[in-house]
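These numbers come from a predicted model, not from an experiment. Chain identifiers are assigned alphabetically (A, B, ...) following the order of the sequence lines, protein sequences preceding nucleic acid strands; residue numbering begins at 1 within each chain.
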Protein chains: 2
Amino acid sequence: MGIAVGKSIKEAEKFCKENDLKFTPVRRKVLEILLQKNKALGAYEILDLLREAGFKNQPPVAYRALDFLVKNGFAHKIEQLNSFVGCMHPGKDHSPAFMICRNCDFVSEEEAINPNFSVSKIASKAGFKVEKAVIEARGLCHSCASMA
Amino acid sequence: MGIAVGKSIKEAEKFCKENDLKFTPVRRKVLEILLQKNKALGAYEILDLLREAGFKNQPPVAYRALDFLVKNGFAHKIEQLNSFVGCMHPGKDHSPAFMICRNCDFVSEEEAINPNFSVSKIASKAGFKVEKAVIEARGLCHSCASMA
DNA sequence: GCGCAAATGTTATGTTATATCATGGAGGAC
DNA sequence: GTCCTCCATGATATAACATAACATTTGCGC
Ligand SMILES: [Zn+2]
Ligand SMILES: [Zn+2]
Ligand SMILES: [Zn+2]
Ligand SMILES: [Zn+2]
């Protein structure tokens, strides 16, 4: 295991301890897998790796662990790929922007937390050549927000 | 059919004529469905509506039409919802940003073509209260881009 | 120990998307 | 007009992604 992976796992462990979350073996293992591979993995790829590591391998095993990791900010879902990546900035409340290379499959996670950051600024900062950008915000439309 | 729908269909027709694309009955019907409903629809919902309109309803029927519409800019896929919307700015080369209301399911398409536009600027312009933003760029990483 | 809540085990199924091969139909070359 | 090619469509099957539902186990406060 790389040093960075070990460090991230330790941070997750610490965060869970502080927030009464259970960092169970399967959750830890899934996070390790994501961090070690350092690229987007589908739930069923993760499932295969879990089986190899001696865990159960029904779909809910992977999806539950992924739900936990995503919900608590240790991993993210890449919507375009129906797949998941380990978080590169764990512990902090953040708003990620992903740069996904179509050639080498590498995924880099950039910070978009500054509300004035644009996709093109983020990309140029990362040296990434954007061919297609997916920008989707979920929330409340003007009309629904004004009713609440 | 609303006037705006008819106008969009006409524009698509014109664009196809000019670009040697075949605006076949099933493609036209799927675009009409998307524009009329004015919200994100899953492929299988579209399939049901196609069947009601007397078209065949195997999955490839919908997916092929949607591929055509998306590829040529008449519709967009909403990745977070695995669903599709008709384009609000057809004909122009554009880079959309979607605001998806979790309360009323309305999807608005904003222009993000100005590279200095940020998600938060787009949202505030649209009166939209963002709760979660998905930002995913596909393209070439620094290393792969420099090799090409 | 007992009872509760959360996590995991297990089976089944739902949902989204594509592969593959057959058939049909418009338009150009001759 | 006939043949040929290309592309769209028809049709069947299956792959890939995700969740529902209920049983069982585990950890923890009492
Ligand atoms: Zn992150
Ligand atoms: Zn690359
Ligand atoms: Zn559009
Ligand atoms: Zn709304």
Side-chain angles (χ1 to χ4, degrees), chain A residues 12-13 15-31 33-34 39-51 53-72 74-85 100 105 134 136, chain B residues 12-13 16-31 33-34 39-51 53-72 74-85 100 105 134 136 138:
Chain A
E13 199 165 42
F15 182 89
C16 287
K17 208 162 269 173
E18 289 168 0
N19 293 84
D20 267 328
L21 301 168
K22 295 180 187 176
F23 199 46
T24 62
V26 65
R27 291 168 177 178
R28 170 189 297 259
K29 186 66 194 175
V30 171
L31 183 53
I33 288 169
L34 290 173
K39 62 171 203 167
L41 293 174
Y44 284 73
E45 292 178 86
I46 290 165
L47 218 46
D48 287 344
L49 297 168
L50 282 177
R51 182 174 28 69
F55 290 86
K56 300 287 167 160
N57 70 323
Q58 303 93 329
V61 173
Y63 282 104
R64 284 165 176 164
L66 287 166
D67 282 349
F68 173 86
L69 295 173
V70 169
K71 186 177 163 197
N72 296 112
F74 304 133
H76 300 288
K77 181 170 188 179
I78 305 295
E79 299 287 351
Q80 282 187 79
L81 305 179
N82 294 318
S83 60
F84 301 84
V85 291
I100 308 156
D105 283 339
V134 168
E136 295 173 5
Chain B
E13 200 165 41
C16 287
K17 209 163 266 173
E18 289 169 0
N19 293 85
D20 267 328
L21 300 169
K22 296 182 185 173
F23 198 46
T24 62
V26 65
R27 290 168 178 177
R28 170 190 296 262
K29 186 66 195 176
V30 171
L31 182 54
I33 288 169
L34 289 173
K39 62 171 202 167
L41 293 174
Y44 284 76
E45 292 177 87
I46 291 166
L47 217 46
D48 287 343
L49 296 168
L50 283 176
R51 182 174 28 69
F55 290 86
K56 302 286 166 159
N57 70 323
Q58 304 92 331
V61 173
Y63 282 104
R64 285 165 176 162
L66 288 165
D67 283 350
F68 173 86
L69 296 173
V70 169
K71 187 178 164 195
N72 296 111
F74 304 131
H76 300 289
K77 181 169 186 181
I78 304 296
E79 298 287 351
Q80 282 186 78
L81 304 178
N82 294 317
S83 60
F84 300 84
V85 291
I100 309 155
D105 284 337
V134 168
E136 296 174 4
R138 284 276 255 167

State whether A/Lys77 places a side-chain N or O below 4.0 Å from either non-bridging phosphate oxygen (OP1 or OP2) of D/dA18.
yes
From CG of A/Leu21 across to C1' of C/dA6 the rounded distance in Å is 12 Å
What integer distance in Å separates B/Leu41:CG from C/dT16:C1'?
15 Å
Let's see if you can work this out: which of D/dC17, D/dC22, D/dT9 has an atom nearest to the side-chain heavy atoms of A/Tyr44?
D/dC17
To the nearest Å, give me how far apart CD (A/Gln58) and P (D/dA20) are.
17 Å
With the threshold set at 4.0 Å, does a side-chain nitrogen-carboxylate oxygen contact exist between B/Asp67 and B/Arg64?
no
What about the rings of B/Phe23 and B/Phe68, do their centers lie closer together than 6.0 Å?
no
Euclidean distance, B/His76 NE2 relative to B/Leu34 CG, rounded to 0.5 Å:
11.0 Å
Can you tell which of C/dG9, D/dG10, D/dA18 lies closest to the side chain of A/Arg64?
C/dG9
Distance check needed: C/dA7 C1' versus A/Phe23 CZ, whole Å only.
15 Å
Distance check needed: D/dC7 P versus B/Asn19 CG, whole Å only.
16 Å
Would you call the rings of B/Phe84 and B/Tyr63 parallel, tilted or perpendicular if under 30° counts as parallel and over 60° as perpendicular?
perpendicular
With nearest nucleotide decided by heavy atoms, which residue, B/Thr24 or B/Pro59, maps closer to the 5′ end of DNA chain D?
B/Thr24
Between D/dA11 atom P and B/Leu50 atom CG, what is the distance in whole Å?
14 Å
Kindly give the heavy-atom pair with the smallest separation between B/Leu31 and B/Ala12, and that separation in Å.
CD2-CB, 3.8 Å
Given D/dA11, D/dT9, C/dT8, which nucleotide is nearest the side-chain atoms of B/Arg27?
D/dT9
If you check every side-chain atom of A/Lys22, which of C/dA6, D/dA11, D/dC17 has the closest atom?
C/dA6
If the cut-off is 4.0 Å, is B/Tyr63 near the phosphate of C/dT18, judged by side-chain N/O to OP1 or OP2?
no
Once you round it to whole Å, what is the distance between C1' of C/dA17 and CD of B/Glu79?
13 Å
Would you please confirm or rule out a distance under 4.0 Å between OP1 or OP2 of D/dA18 and any side-chain N or O of A/Asn82?
yes
Length of the line joining B/Asp20:CG and D/dA8:P, which is rounded to integer Å
11 Å
